[in-house]
Trainee: 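Pasting in a structure now, in structure tokens, and then I'll have a few things to ask.
Start at 1 with the first residue, then count along the sequence. Just follow the structure's listing: the first ligand is 1, and inside any ligand the first atom is 1.
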Amino acid sequence: MSVQVVILAAGQGKRMKSSLPKVLHCLAGIPLIEHVLKTAARVSTKPPILIYGHEGERLQQAVANYNLTWVEQAEQLGTGHAMLQAMPFVSSEDHVLILCGDVPLISEKTLQRLIETTSKDQVGLITANLSQPFGYGRIIRDAQNRVTNIVEEKDASETERAIKEINTSIYLIPCGKLKAWLPKIKNHNGQQEYYLTDIIPLALKEGVVIHTIQPECEEEILGVNDKIQLANLERFYQAKMVKSLMLQGVTFYDPARVDIRGDITIGRDVTIDVNVILEGKVIIGDGCCIGPYCLLKNSTLGEEVEIKSHSIVDGAIIGTRSRIGPFARLRPETELAEDVHIGNFVEVKKTKIAKGSKANHLTYLGDCEIGQDVNVGAGVITCNYDGVNKHKTFIADDAFIGSGTQLVAPVGIGAGATIGAGSTITKDAPAHQLTLSRAPQQTVENWQRPQKIKMKENR
Ligand code: UD1
Ligand code: CA
């Protein structure tokens, strides 16, 4: 069966109360539409067709790295009308798999089951039994349990409203047949919309069987219409991700207080304290220990790395047994080798630090190359920016940079060099020698501290 995915996403999403198109709101850090596109790519190799209505440009920008066929539905006249817009772009030999842009968690597994169990001349439909079916189209079945119709909430009788089985709006339909049915749909209903669901009686007239399956869990088919539903799905998704990591052996101090927003690979015997956010592509090696309130984004940690509380690690590579934080900030293109220590209130950017080096307190290291076993004292600042260009600082092995030193780049510190505390280093410092630039200390004799002048009382 050749499957063409069509994603319905022209609805405005009024209930989100937002200027951002609904499908661009994020779940686990990724726009809703991207969740659907990722799943679509796993069930079909053909570029999906996306039916959009509002803010086409913004949508196109947001998912620019996906190969899609964009089809505009200028006026939202209903799901049947939306599908009609897609018809010129699909081949009659294909089967269309209809997904919704605002139903982000439909699983590949359930879609594969729909594709595998629906025969070529049937209509496949995912239905679900909800304890709260309000708002959904209800599935009407006959005495033989065959689906005969779908009735929308607004058009349903009281008995029909009592039905718990609902239409998820995920279908698999032979395209040739759909092309014939869609133009026959009328908008004579409570909402004066062209309902895609009206293909069901048309299919029946031609003796086409409606084959239904149910998802593995309810959350797979839940849509996002408002911020509450979005938050509920977010929590469901987070719980699922954390569970799968725990099954891989990760220890979370509290599985409810962690957020996973990306592609996470975690080794054995890793512990993660509360309120940690893992974002983008994060790889954490065996035996690492992540303290509370840390953000780890697009970074790779070797083995037994310790990230202490309140640290931000963004776009960094950290070597085995290195210790970061508390309150450290590693920025993109930071590469730390083994046994490096970065302490509190230290910011590191675009800097390579070799094995065993330390910068333990209140320091900025930007655009540096630092050798092995270097000691960077408290309050050392690289002055890497002259207002126009960025310049590099080189510090060779075993150098010792005294506290409060400014290294005005471009500048180099030789191997084993010692820089006296409080120096402003503007020229290269030679290896194995003490270099310092410091105004001589003086004591002013008989100096009087100024006194406060007493005011007159009646002023
Ligand atoms: C539709 C179904 C209903 C089902 C429900 C599941 C119809 C008539 N009803 O309800 O049986 O239970 O989905 O969520 O099909 N859209 C467009 N263009 C339009 C209208 C909608 O692209 O003109 C898109 C929306 O962006 C959304 C999807 O279609 O992604 C479903 O539309 P929505 O309004 O959420 O669903 P209902 O019409 O209420
Ligand atoms: Ca609607």
Trainee: Near K350 NZ, under 6.0 Å, is it more than 12 heavy atoms from other residues, nucleotides or ligands?
Mentor: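 No - once you tally the heavy atoms of other residues, nucleotides and ligands closer than 6.0 Å, there are 12 at most.
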Trainee: Measure V103 to ligand 1 on non-hydrogen atoms and call it side chain, backbone, both or neither using the 4.0 Å cut-off.
Mentor: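 Answer for V103: neither.
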Trainee: Taking 4.0 Å as the limit for heavy-atom contacts, which would you say applies to A82 with ligand 1: side chain only, backbone only, both, or neither?
Mentor: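 The answer is the side chain of A82.
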Trainee: Looking at ligand 1, does G78 have a heavy atom less than 4.0 Å from it?
Mentor: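 A heavy atom of G78 does come that close to ligand 1.
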Trainee: Please work out, at 4.0 Å between heavy atoms, whether the side chain, the backbone, both, or neither of E152 comes within that distance of ligand 1.
Mentor: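 Under 4.0 Å from ligand 1, E152 contributes side-chain atoms alone.
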Trainee: So, 4.0 Å and heavy atoms of I166: is ligand 1 close enough to count as a contact?
Mentor: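 Contact check I166 vs ligand 1: negative.
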Trainee: Does some non-hydrogen atom of Q73 fall short of 4.0 Å from ligand 1?
Mentor: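 Heavy atoms of Q73 do come under 4.0 Å of ligand 1.
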Trainee: Checking the side chain of H25 only, and the main-chain atoms of L32 only, is there a donor and an acceptor separated by less than 3.5 Å?
Mentor: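 It does not hold such a pair.
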Trainee: What do you reckon, does N167 have a nitrogen or oxygen under 3.5 Å from a nitrogen or oxygen of ligand 1?
Mentor: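 Among all N and O atoms of N167, at least one is under 3.5 Å from an N or O of ligand 1.
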Trainee: As a check for students: among L77, L8, V6, identify the option with a heavy atom nearest to atom 24 (C) of ligand 1.
Mentor: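 Nearest option to atom 24 (C) of ligand 1, by heavy atoms: L8.
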Trainee: Is D102 in polar range of ligand 1, meaning some N or O pair under 3.5 Å apart?
Mentor: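 Yes, at least one N or O pair falls under 3.5 Å.
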Trainee: So for ligand 1, is T79 a polar contact partner (N or O within less than 3.5 Å, distance only)?
Mentor: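 Yes, T79 has an N/O under 3.5 Å of an N/O on ligand 1.
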